[in-house]
There are 2 protein chains.
Amino acid sequence: MTVQDSTTLLDGVLVRLRAMIADGELAAGAPVREREMCELLSVSRTPLREALKVLAAERLLELRPNRGAIVLGLTERDVRDMFEVMEALEATAGRLACERASDADIAEIQALHWQMHAHYLRAELEPYFRLNQAIHARIVDATGNAVLQSNYAALAARIRNARYLANRWSRERWDEAMREHGLILDALIARDGARLSEILAGHLRGKGAAVLEHLQAPIPAEAGTRSAAAA
Amino acid sequence: MTVQDSTTLLDGVLVRLRAMIADGELAAGAPVREREMCELLSVSRTPLREALKVLAAERLLELRPNRGAIVLGLTERDVRDMFEVMEALEATAGRLACERASDADIAEIQALHWQMHAHYLRAELEPYFRLNQAIHARIVDATGNAVLQSNYAALAARIRNARYLANRWSRERWDEAMREHGLILDALIARDGARLSEILAGHLRGKGAAVLEHLQAPIPAEAGTRSAAAA
DNA sequence: ATCTGCCAGATTGCATGCAATCGACCAGGT
DNA sequence: ACCTGGTCGATTGCATGCAATCTGGCAGAT
């Protein structure tokens, strides 16, 4: 699939660049040169430049005037801040989802849960994570709140681009997370909003703590000052 | 102040357009034609087009391929969704602010509070609202969480552009809001995070309910489908 | 040896030209 | 009278050219 398949070149470039960042193809700190990227994507500078501006507004890139763009990494502070906000969003999502989710929504989340559980048993990290993210996203979606959804998705995308976070889970943490997911499912099925909200918040705190712990030693190429480009 | 004073034309255009939308100079549903706006701002199409893309990503505009951009209005659903998210964010902000705010932060918020109170007594709506927004923003800032800050600011900006929301407060609602603000200040000074969090959430719910109530009758020019342009 | 000033290459910021697309209007047919 | 098909004007999407800015290296002075 090339960039040209989209309705507009800009859209295609956006999709492609976001994927490249999320997949680590463009690592944190990597410079993004206009002409170079133009050749790679086979588009002219105009749509590419427009895409860079949008991605900068999403805090995925940093634009340094006259000096090009670089992929924004996450500082420890960023991760901490983001988990705090995600905790707030998911807690609210849990409460609302219990009120508003359709039975079909819950059934689907349940199905995802057991799929994930199977991967957990087989210690298949990659698909486990994919389903994990899907479950959390589905809970948020089940609130029917589009604003909540998009804010959550934006944060999730930014965190995902720090791929190294996913490595080196301790077995204990994994077991604990899986246990928590069991409680999450129970609360959702019981439509106990207060309980689900609390569990999700605790789950996020645990996740955040684990991530931050593993963020101490392996400090990857870190770059990017906090200068607000266009937010 | 013209657009040219900024470091880059794009930045200038962004600031200017955001202000025009927030001030209602560009009303909801109004089309934004490139050439027209270029003349108005005295820039060429390139920086203007880049700005439009960014504003679309911020959900302030909607880009319709080959048909130009229009200013996005807020549906009742949008407002409801946004207040739900703001409630979550402010609740978290209240809790964190009590832990982390410096005494100077609190003193400043206190000063803003009494200024606002003075305007309340004189029934000066406009400055009252300005200070109201400033107080809430300051509480969020006091958490030191940049992610929380920017997410909150983005929502506040989108809501602010629906200016009609500010009109026709009932006296009762105003009194109640002022009372609540007194409690907010008390809790903050006492650094009682749990209490502040709860009060802020309730305050937001009240605000949201009041806004939605007044949103029933005066349905202004509404426009914009929910098609995600580039989010 | 270190520092300062300058120059050249590279890269971005902006302006503009061209082609493709969309919407409105009008003519013709049923 | 209503509907269908086609054309024209307007507007956007994209490509490219030019000037301004920044980086790195080098020469010369202290």
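In the text below, chain A, chain B and the rest are named by the order of the sequence lines, each starting its count at 1. The analysis underlying the following values was restricted to heavy atoms, covering all of them including side chains, and did not include hydrogens, waters or symmetry mates.
- Nucleic acid contact for A:Arg35: base, since at least one base atom lies under 4.0 Å from a heavy atom of the residue.
- Under a cut-off of 6.0 angstrom, the local environment of CZ in B:Arg64 is crowded, with over 12 non-hydrogen atoms contributed by other residues, nucleotides or ligands.
- OP1 or OP2 of D:dC14 sits under 4.0 Å from a side-chain N or O of A:Thr8.
- A salt bridge does not link A:Glu126 with A:Arg130: none of the charged nitrogens is closer than 4.0 Å to a carboxylate oxygen.
- For the pair A:Leu10 CG and C:dA20 P, the computed distance is 20 Å after rounding to whole Å.
- With DNA chain D read from its 5' end, the first of the two nearest nucleotides for B:Arg45 and A:Pro65 is the one closest to B:Arg45.
- At a cut-off of 3.5 angstrom, the base of D:dG13 holds no donor-acceptor pair with the side chain of B:Arg67.
- One can place CG of A:Asn66 at 5 Å from P of D:dC22, the figure rounded to the nearest angstrom.
- Of the possible donor and acceptor atoms, one in the side chain of B:Asn145 sits under 3.5 Å from a partner among the backbone N and O of B:Val147.
- B:Leu63 places its CG atom 19 Å from the P atom of C:dT21, with the value rounded to the nearest Å.
- Nearest-nucleotide assignment on DNA chain D puts the 5′-proximal partner with B:Gly68, out of B:Gly68 and A:Ser44.
- The interatomic distance linking A:Glu34 (CD) with D:dC22 (C1') rounds to 14 Å, in whole Å.
- You'll find that the side chain of B:Arg49 is closest to D:dG13, out of C:dT16, D:dC14, D:dG13.
- For the pair A:Leu9 CG and C:dA19 P, the interatomic distance rounds to 17 Å; values are reported in whole Å.
- Under the salt bridge (Lys or Arg N to Asp or Glu O under 4.0 Å) test applied with A:Arg205, the options A:Glu90, A:Glu87, A:Glu84 reduce to a single match, A:Glu87.
- Residue B:Arg33 places its side chain closer to D:dT11 than to any other of D:dT11, D:dC14, D:dG13.
- Of the possible polar contacts, one joining the B:Asp78 side chain to the B:Thr75 backbone as a donor-acceptor pair under 3.5 Å is found.
- Rounding to whole angstrom units, CD of residue A:Glu36 and C1' of C:dT12 are separated by 14 Å.
- Between B:Lys53 atom NZ and D:dT12 atom P there is a gap of 10 Å when expressed in whole angstrom units.
- The distance between atom CD1 of A:Ile70 and atom C1' of C:dT12, rounded to the nearest whole Å, is 15 Å.
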